[in-house]
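One structure below.
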Amino acid sequence: MLGKSPAWQDVDGACSGYLVEDDATRLLVDCGSGVFSKLRGVCDYTDVDGVVITHMHPDHFFDLVPYACALTYGPRGHAGDGAGDGSPSPPQLLVPGGATKFLNTLTVAGGQPRLLDGAFAITEYDPAQPARIGSLDLRFQPVPHYVPANAVEVRGASGGRFTFGADHGPTHALDDFAAGTDLLFLEATLPEPEEHGERGHLTAAEAGEHAARCGAQRLVLTHISDELDGDHALAEARRAFTGPVELARPGAVYDV
Ligand SMILES: [Zn+2]
Ligand SMILES: [Zn+2]
């Protein structure tokens with residue numbers, strides 16, 4: 001777990017970012033603000049095979065910009081000293097539909113129009129289709145949020161399943177998708193449900209209810225600010241989910 005902050009970082013924290021590894025492949029799920037620094041703390045960023053973005057909110061993708069700068073201007077980047085003589089191949093970047101245009105708008109405004117598509121091999125994924133990065137199999141499930149968002153499942157060769165719900169309001173979309181998953185990360189952004197308008201996030205109690213319906217083996221509450229009461233969130237989730245549940249802790253490692 002690289003970062004678990006919601007849309008603003010915890011003290012010394014990072015927004016959404018989870019590194020999934022097996023013997024052969026490294027995959028970064030989300031790359032929100034602050035995540036690139038945390039990634040550098042645990043591995044060489046040129047050794048990451050792919051990045052998948054759940055949705056185009058800044059707390060889930062903003063650090064693609066410094067990541068692309070490192071891949072472009074860093075000492076081993078395409079524009080650095082190593083260019084042309086064995087520079088690492090660009091990581092795959094899987095983004096939701098329409099995100100390429102969105103990212104281009106961002107980089108054009110910043111005066112570096114080719115920054116992201118020069119640094120990454122970008123593909124817009126279709127959430128109805130599975131994907132594969134190295135030895136890891138991915139599946140997607142659209143979830144209700146303020147912009148198009150997708151839960152993602154990563155399955156390794158051993159068959160172990162990690163499921164991340166992304167950001168979403170209450171939904172039955174995960175009931176089958178995440179049924180029996182080994183490790184379920186669900187957002188617990190809210191201390192209380194939104195009072196007005198469309199639902200786009202969960203409380204910890206609702207996260208517990210979702211995990212119970214999925215029959216998850218293990219639940220981790222994430223996307224929760226350090227300004228909220230974590231013990232209260234845990235107690236709320238445990239009222240609905242009787243399996244193991246814990247609060248996201250940056251730096252934590254989970255075996256699946
Ligand atoms: Zn969001
Ligand atoms: Zn978010």
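We count ligands from 1, going down the list as the structure has it; atoms in each ligand are counted the same way.
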Is [X] salt-bridged to [Y], going by a charged N under 4.0 Å from an acidic O?
{"X": "K4", "Y": "D30", "result": "no"}
{"X": "R26", "Y": "D49", "result": "no"}
{"X": "D175", "Y": "R213", "result": "yes"}
{"X": "K101", "Y": "E124", "result": "no"}

*Name whichever N, O or S atom of D167 ends up nearest to the Zn ion (ligand 2).*
OD2
*Starting from the Zn ion (ligand 2), look over the N/O/S atoms of D59 and name the nearest one.*
OD2
Whether [X] has an N, O or S atom under 2.8 Å from the Zn ion (ligand 2):
{"X": "H223", "value": "yes"}
{"X": "H60", "value": "yes"}
{"X": "E187", "value": "no"}

*asked:* Check whether Y45 forms a cation-pi arrangement with R76 (NZ or CZ under 6.0 Å from the six-membered ring centre, at most 45° off the ring normal).
replied: yes
*Using 30° and 60° as the class limits, which term best fits the ring planes of Y146 and H57: parallel, tilted or perpendicular?*
tilted
*Tell me which N, O or S atom of H145 sits nearest to the Zn ion (ligand 1).*
NE2
*Name of whichever N/O/S atom of H57 is nearest to the Zn ion (ligand 1)*: ND1
*the Zn ion (ligand 1) to H55: any N/O/S contact under 2.8 Å?*
yes
